[in-house]
Amino acid sequence: MSTPESSPLTHFDADGQAHMVDVGAKAETRRVAVATGRIHMLPATFDMVKSGSAKKGDVLGIARIAAIQASKRTSEDMCKAVDRGMRMEGIQLMEKLGGKSGHWKA
């Protein structure tokens, strides 16, 4: 595995200041990214998502659009040159205030 010392990040200059990286000369290549995730929910919530009956709209369709937008911005993961195995875990809502549903806390 690379370390910051052996694989410097190209988004920083010699003084450690952030700067834009010119990618104009890079050759076009076909890129593929595969992701996985896990979500835990009540069976009734799953049924609502599966049937498309959520009050706010098509849950899976919106998730699909969000995934496409996120994949187009993968170049903003500035640490990928150092640690391609990074992962985020345990992402969950801990508290919500306001709106019709009021206050909710995990």
Side-chain angles (χ1 to χ4, degrees):
M1 177 170 78
S2 296
T3 64
E5 295 79 28
S6 66
S7 180
L9 299 172
T10 57
H11 294 38
F12 298 95
D13 65 18
D15 296 322
Q17 299 298 311
H19 69 96
M20 295 298 292
V21 176
D22 182 6
V23 296
K26 275 188 154 182
E28 281 192 30
T29 59
R30 180 174 183 267
R31 296 173 183 235
V32 175
V34 178
T36 186
R38 184 180 302 237
I39 186 167
H40 300 266
M41 65 181 73
L42 297 171
T45 306
F46 177 75
D47 292 341
M48 178 195 66
V49 171
K50 187 176 173 185
S51 70
S53 63
K55 290 180 185 177
K56 292 189 175 184
D58 179 8
V59 174
L60 295 177
I62 296 302
R64 192 174 299 112
I65 290 169
I68 291 167
Q69 289 176 326
S71 69
K72 290 183 177 196
R73 300 186 72 161
T74 56
S75 61
E76 295 172 12
D77 174 9
M78 294 183 351
C79 294
K80 69 182 178 188
V82 176
D83 184 1
R84 293 182 184 208
M86 291 184 299
R87 66 180 179 266
M88 297 169 62
E89 297 179 330
I91 300 166
Q92 65 184 52
L93 179 64
M94 296 305 294
E95 187 170 11
K96 183 204 171 285
L97 291 162
K100 287 184 181 180
S101 59
H103 183 207
W104 179 87
K105 191 170 183 177

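Computed from a prediction, not measured in an experiment: that's the story for all the values here.
Within the hydrophobic cluster formed by Ile, Leu, Val, Met, Phe, Trp and Tyr side chains joined at under 4.5 Å, directly or through other members, Phe46 is accompanied by Ile39, Met41. Met48 belongs to a hydrophobic cluster whose other members, connected by ILVMFWY side-chain contacts under 4.5 Å either directly or through intermediates, are Val49, Val59, Leu60.
For the salt bridge (charged side-chain N to carboxylate O under 4.0 Å, His left out) test, no residue two or more places apart in sequence or in another chain qualifies with Arg38. Under the side chain to side chain donor-acceptor pair (under 3.5 Å) criterion, Glu28 pairs with no residue at all, not counting sequence neighbours.
Gly98 approaches Ser101 most closely through the heavy-atom pair O-OG, 4.1 Å.
Residue pairs satisfying the salt bridge (Lys or Arg N to Asp or Glu O under 4.0 Å) criterion with at least one member in residues 44-70, sequence neighbours excluded, are absent. Within the structure, side-chain hydrogen bond (donor to acceptor under 3.5 Å, both in side chains) pairs that include any residue of residues 86-95 comprise Arg87-Glu89, Glu95-His103 (at least two apart or interchain).
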